[in-house]
Protein chains: 2
Amino acid sequence: MNHGIAIGKVSEASGVKVPTIRYYEQIGLLPAPPRTDGGRRTYDGKDTERLTFIRHSRELGFDIDEIKTLLELQDSPDQSCEQADGIAKAHLVEVRKKIASLTALQHELERMVEGCSHGRVETCRVIEILADHGKCRYHGET
Amino acid sequence: MNHGIAIGKVSEASGVKVPTIRYYEQIGLLPAPPRTDGGRRTYDGKDTERLTFIRHSRELGFDIDEIKTLLELQDSPDQSCEQADGIAKAHLVEVRKKIASLTALQHELERMVEGCSHGRVETCRVIEILADHGKCRYHGET
DNA sequence: GCTTGCTCCTATAGCGGCTAGAGCATGTAG
DNA sequence: CTACATGCTCTAGCCGCTATAGGAGCAAGC
């Protein structure tokens, strides 16, 4: 009888790399699964789902702590989804901020690159703007 | 006679924190300055400029290796600025990619949040999409 | 001179989220 | 039975800092 999915299979099915799965177990994001007599981890379908949830959440930029909360919420379906909503909304705000900041950064880089004389470093717009903060229009965060 | 600027002053002038300055020295981004008899670092105007250059470059998202190259270029003004140009251009490409990815992410998050019934977790769109990758339209990187 | 209190010093460890490598044990196909 | 893939643990490394501990230096006021 072959009960339980090996870590490699669960990795393939979920898209989470093997060492990352072990890391998630270590930090308590994924429960420690039962082991075979030989000491190998054996997973089931629930674990695969959980890992897929985690991977997807990470792709969407949620950090581990947020994912922990989201997973706990998923486990109690009768609770209000206010908290999940809140996490997503807060994250959306952060993403919008980052886009705004990166867009300003993009414009500044364009200005640098376009203004470049393609000559000697002495007259290079790129170096010039980096050296003199006053010549730069970007004052945000990356 | 008080020759040399103390690390605190250079920090204030450049906007780079004191431990970060020491860190930059450690990794060879900033040359080790002379010391007082008591063993304190003494900087000059050039160092302040260099640190400002570094800070500004970091704000624009360049990594330490790129900054090393840019600083070397700045020190040899007669060279062609092709390389500086290249670094800036490559970085611009990365920034544009990131913006595109974050914009897709933003839309997906909006869809999640807007679709939320604000009821129980069981019917929560946020949790639902995270659990089922197929329901998500975002398939990029953050 | 002496004390107060600020700045500075080194050295080490930690952050997040993994990833890589060493050196073994186990499971499986031919 | 043997080869080889896959698994195991443990440790260290990545980036760019930041924080903490435990001291030493130095200027100003008394």
Side-chain angles (χ1 to χ4, degrees), chain A residues 1-30 32-44 47 50-51 53-71 87 91 94 98 141-142, chain B residues 1-30 32-43 47 50-51 53-71 91 94 98 141-142:
Chain A
M1 303 295 140
N2 230 341
H3 292 296
I5 312 163
I7 196 166
K9 302 289 167 199
V10 117
S11 164
E12 212 176 328
S14 65
V16 181
K17 288 180 190 165
V18 170
T20 307
I21 295 173
R22 291 196 279 245
Y23 167 72
Y24 286 161
E25 182 184 323
Q26 199 186 303
I27 62 168
L29 188 60
L30 193 71
R35 305 271 187 135
T36 64
D37 290 350
R40 297 185 169 204
R41 292 168 178 83
T42 55
Y43 296 96
D44 60 18
D47 294 311
R50 207 175 167 88
L51 278 168
F53 187 105
I54 293 169
R55 180 180 56 90
H56 196 192
S57 304
R58 289 289 304 129
E59 279 171 3
L60 289 168
F62 294 100
D63 62 29
I64 303 284
D65 263 6
E66 288 170 334
I67 297 172
K68 253 181 198 163
T69 307
L70 290 168
L71 280 167
I87 289 173
H91 190 53
E94 285 310 303
K98 209 156 203 170
E141 282 166 26
T142 317
Chain B
M1 302 294 138
N2 230 341
H3 292 297
I5 312 165
I7 196 167
K9 301 290 165 195
V10 117
S11 165
E12 211 177 327
S14 65
V16 181
K17 288 180 189 165
V18 170
T20 307
I21 295 173
R22 289 195 279 246
Y23 168 72
Y24 285 161
E25 181 183 323
Q26 201 186 303
I27 61 169
L29 188 59
L30 192 71
R35 305 272 187 135
T36 65
D37 288 352
R40 298 186 167 204
R41 290 168 179 83
T42 55
Y43 296 95
D47 294 311
R50 205 172 169 91
L51 278 168
F53 187 105
I54 294 168
R55 180 180 57 89
H56 196 194
S57 304
R58 288 292 303 129
E59 279 170 5
L60 289 168
F62 294 101
D63 63 28
I64 303 284
D65 262 7
E66 287 169 335
I67 297 172
K68 252 180 201 167
T69 307
L70 289 169
L71 280 167
H91 190 54
E94 286 310 302
K98 208 156 204 169
E141 281 168 27
T142 318

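Note that this is a predicted model, so its numbers are computed, not measured. Lettering follows sequence order; numbering is per chain, from 1.
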K.L.:
Which residues pass the side-chain contact (heavy atoms from CB on, under 4.5 Å) test with Asp65(A), sequence neighbours left out?
P.N.:
Asp63(A), Lys68(A)

K.L.:
For a quick test of reading the model: is some side-chain N or O of Thr36(A) closer than 4.0 Å to OP1 or OP2 of dG27(C)?
P.N.:
yes

K.L.:
Minimum heavy-atom separation for Val10(B) to Ile5(B), with atom names?
P.N.:
N-CG2, 3.8 Å

K.L.:
Please list, by residue number, the residues of residues 22-30 of chain B whose heavy atoms come closer than 4.0 Å to an atom of DNA chain D; answer none if no residue qualifies.
P.N.:
Tyr23(B), Tyr24(B)

K.L.:
At their closest point, which heavy atom of Ile64(B) faces which heavy atom of Arg58(B), and how far apart are they?
P.N.:
CD1-CD, 4.1 Å

K.L.:
CD of Glu12(A) versus C1' of dT6(D): gap in Å, rounded?
P.N.:
12 Å

K.L.:
Taking atom P of dT10(C) as reference, at what distance in whole Å does atom CD1 of Ile21(B) sit?
P.N.:
13 Å

K.L.:
State, to 0.1 Å, how close Pro33(A) and Thr42(A) come at their nearest heavy-atom pair, and which atoms those are.
P.N.:
CB-O, 3.4 Å

K.L.:
For the pair made of NZ in Lys17(B) and C1' in dG16(D), what is the distance, rounded to whole Å?
P.N.:
12 Å

K.L.:
In Å, rounded to the nearest 0.5 Å, how long is the span from CD1 of Ile67(B) to CZ of Arg50(B)?
P.N.:
11.0 Å

K.L.:
Round to a whole Å and report the spacing from CZ of Arg41(A) to C1' of dA25(C).
P.N.:
14 Å

K.L.:
For residues 12-23 of chain B, pull every pair meeting side-chain hydrogen bond (donor to acceptor under 3.5 Å, both in side chains), keeping only residues two or more places apart or in separate chains.
P.N.:
none

K.L.:
Would you please name every residue forming a ring pair (Phe, Tyr, Trp, His ring centres under 6.0 Å) with Phe53(A), sequence neighbours left out?
P.N.:
none

K.L.:
Which residues pass the salt bridge (Lys or Arg N to Asp or Glu O under 4.0 Å) test with Arg55(B), sequence neighbours left out?
P.N.:
Glu59(B)

K.L.:
Can you check the Ile54(A) CD1 to dC18(C) P distance for me, whole Å?
P.N.:
10 Å

K.L.:
Near DNA chain C, under 4.0 Å by heavy atom, which residues of residues 63-71 of chain A?
P.N.:
Asp63(A), Ile64(A)

K.L.:
Once you round it to whole Å, what is the distance between P of dC26(D) and NZ of Lys9(B)?
P.N.:
15 Å

K.L.:
Supply the atom-to-atom distance Ile87(A) CD1 to Thr69(A) OG1, rounded to the nearest 0.5 angstrom.
P.N.:
4.5 Å

K.L.:
What's the angle between the local helix axes at either end of the helix from dG1(C)-dC30(D) to dG30(C)-dC1(D), using five pairs per end and rounding to 10 degrees?
P.N.:
20°

K.L.:
First locate atom CG of Asp47(A), then atom CD1 of Ile7(A), and finally report the distance between them rounded to the nearest 0.5 Å.
P.N.:
10.5 Å

K.L.:
Nearest whole angstrom, please: distance from the P of dG16(C) to the CZ of Arg58(A).
P.N.:
11 Å

K.L.:
Between C1' on dC9(C) and CZ on Arg35(B), what's the gap in Å once rounded to a whole number?
P.N.:
8 Å

K.L.:
At their closest point, which heavy atom of Val16(A) faces which heavy atom of Leu51(A), and how far apart are they?
P.N.:
CG2-O, 3.6 Å

K.L.:
Collect all protein-nucleotide pairs involving nucleotides 4-7 of chain C in which both atoms are nitrogen or oxygen and the distance is under 3.5 Å.
P.N.:
from   : atom 1 : to       : atom 2 : distance (Å)
dT7(C) : O2     : Arg40(B) : NH2    : 2.8

K.L.:
Which comes earlier along DNA chain D counting from the 5' end, the contact point of Thr20(B) or that of Asp37(B), where each point is its nearest nucleotide?
P.N.:
Thr20(B)

K.L.:
Testing the basics here: between Gly8(B) and Val18(B), what is the closest heavy-atom pair and its distance to 0.1 Å?
P.N.:
CA-CG2, 4.1 Å

K.L.:
Run the ring pair (Phe, Tyr, Trp, His ring centres under 6.0 Å) test against Phe62(B) and tell me which residues pass, sequence neighbours left out.
P.N.:
His91(B)

K.L.:
For Arg41(A), check side-chain hydrogen bond (donor to acceptor under 3.5 Å, both in side chains) against everything at least two apart and list the hits.
P.N.:
Glu25(A)

